[in-house]
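The next block holds one structure in the form of structure tokens; read it before the comments.
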Amino acid sequence: MATALRPARRTTGTPRRTGRGYSVDRPRRSPLLTALTGIVLIYSLVPLVWLFINATKTQDSLFNSFGLWFSGEFALWDNIVTTLTYDGGVFVRWLGNTLLYVVVGAGGATLLAILGGYALAKFTFPGKRAVFAVVIGAVAVPGTALAVPTFLMFSQMGITNTPWSVIIPSLISPFGLYLMWTFAAEAIPTELMEAARVDGASEWRTFWQISLPLLAPGIVTVLLFTMVATWNNYFLPLIMLRDPAWYPLTLGLNAWNAQAATAGGEAIFHLVITASLLTILPLIAAFLLLQRYWQSGLAAGSVKE
């Protein structure tokens, strides 16, 4: 009886030993892993550093200086202003087109992936195995293989050279659907949904107030995947769009880069580099702002109550 009534020892604040004097607070250091991580970090940052440094150069100093160091006058602000105003401010138009394709296309693809993945993970219906096979098969098919058949179908419908020819294919993300399917199956306890139903909550209220907050890390992951894919999409707009007014940034910057190879064209490589720097800034900001949802998702369930 005395043993049963003895208070449990408090272990809060005491580092847990993992062997050889290491603990959770003092992990074992690996020089090899540190070196490999440093190499990957350098490999990832060098292109960004090169892009920023060369965006500060003029057209002349761009080819007469070392690529990884500054040269001449610091022309970053002048390059930005010229990029935004060149050819009647067409870069701003291309940026707006890209934002339209991302918000409607990637946002719609994420919404459909959430609804479809949740339904496939938490509901049983006839033909579920067949749907699984179709989704897996769709993930294995590259998007470029479907671009030409999609163009032929859209040309018959008369919607080529319109924003819808880029937005509609972007709404379908088999990988996003599969990712939300697998994530919802593990992140949402079935017992929690049953308890909500017993308390009288409707299916919509259960999804909106209980399930959706638990899906936040998966939603952010799918959103970033679809956003990056739509932002960097090149081949689909290339075959769908003829009017430069509807170009995304990928096609627009390629058109600027190709000006030097055309008869009477103006070489504006310094503007292409500056525009490329401006193009990646929204993606970097999105990753930095949304990474906390990944961290919260990784930490969920790590502490046992």
Side-chain angles (χ1 to χ4, degrees), residues 101-102 104-154 156-157 159 164-233 235-236 240 290 293-294 296-302 304:
Y101 301 149
V102 168
V104 181
T110 304
L111 178 62
L112 294 177
I114 294 170
L115 297 176
Y118 174 77
L120 291 170
K122 292 302 175 182
F123 295 94
T124 302
F125 54 88
K128 188 173 181 179
R129 290 178 176 269
V131 172
F132 178 79
V134 171
V135 172
I136 295 298
V139 171
V141 177
T144 54
L146 301 176
V148 174
T150 304
F151 171 77
L152 296 176
M153 179 178 63
F154 283 0
Q156 294 292 329
M157 299 171 61
I159 60 175
W164 294 111
S165 61
V166 179
I167 292 174
I168 293 176
S170 301
L171 293 174
I172 308 302
S173 176
F175 177 74
L177 175 60
Y178 176 74
L179 189 61
M180 286 305 305
W181 184 351
T182 56
F183 186 83
E186 298 294 334
I188 305 174
T190 305
E191 296 79 6
L192 190 62
M193 297 177 59
E194 293 177 351
R197 291 164 182 160
V198 170
D199 291 339
S202 62
E203 292 294 339
W204 173 251
R205 185 177 180 183
T206 301
F207 168 75
W208 183 258
Q209 295 186 353
I210 297 177
S211 301
L212 197 61
L214 298 175
L215 295 175
I219 293 173
V220 171
T221 303
V222 174
L223 177 62
L224 287 176
F225 272 118
T226 55
M227 183 178 68
V228 171
T230 306
W231 192 277
N232 296 330
N233 196 0
F235 187 68
L236 181 66
M240 290 291 183
L290 297 176
Y293 293 98
W294 278 336
S296 62
L298 294 174
S302 60
K304 184 177 180 181

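This structure is a prediction, so every number in the text was calculated from the model and none was measured.
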Heavy-atom neighbours of [X] [atom1] exceed 12 at 6.0 Å:
X	atom1	result
R205	CZ	no
E186	CD	no
Y178	OH	no

Minimum heavy-atom distance [X]-[Y], with the two atoms named:
X	Y	answer
F154	W164	CE2-O, 4.4 Å
L177	G117	CD1-N, 3.3 Å
P169	L236	CB-CD2, 3.7 Å
A106	T230	CB-OG1, 3.8 Å
K122	P189	NZ-C, 4.4 Å
A184	Y118	CB-CA, 4.3 Å

Exercise. Might you work through the side chain to side chain contact (heavy atoms under 4.5 Å, CB included) test for F207 and I114, ending with a clear yes or no?
Key: CA-CA 11 Å; F207 168 75; I114 294 170; 3.9 Å; yes
Under 3.5 Å donor-acceptor pairs involving side-chain atoms of residues 135-148, not counting sequence neighbours:
none

Exercise. List the steps, then state whether side chain to side chain contact (heavy atoms under 4.5 Å, CB included) holds for T150 with I168.
Key: CA-CA 10 Å; T150 304; I168 293 176; over 6 Å; no
Quiz item: Is there any ring-ring contact (aromatic ring centres under 6.0 Å, His included) pair reaching into residues 129-153, and which pairs are they, with sequence neighbours excluded?
Solution: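 Only F132-W181 qualify under ring-ring contact (aromatic ring centres under 6.0 Å, His included).
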Nearest 0.5 Å, what's the [atom1]-[atom2] distance between [X] and [Y]?
X	Y	atom1	atom2	answer
L111	I219	CG	CD1	9.5 Å
M180	F175	CE	CZ	12.0 Å
S165	Y101	OG	OH	7.0 Å
L112	S173	CG	OG	9.5 Å
I210	L214	CD1	CG	8.5 Å
L192	R197	CG	CZ	10.5 Å

Quiz prompt | Listed partners of E194 passing side chain to side chain donor-acceptor pair (under 3.5 Å), at least two apart | solution =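 E194 satisfies side chain to side chain donor-acceptor pair (under 3.5 Å) with no residue once adjacent residues are dropped.
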Quiz item: So which of T221, V222, L115, L224 actually passes side-chain contact (heavy atoms from CB on, under 4.5 Å) with T110?
Solution: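 Running side-chain contact (heavy atoms from CB on, under 4.5 Å) over T221, V222, L115, L224 with T110 returns exactly one hit, V222.
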Quiz prompt | Residues F183, I188; criterion side chain to side chain contact (heavy atoms under 4.5 Å, CB included); working and verdict | solution = CA-CA 8 Å; F183 186 83; I188 305 174; over 6 Å; no
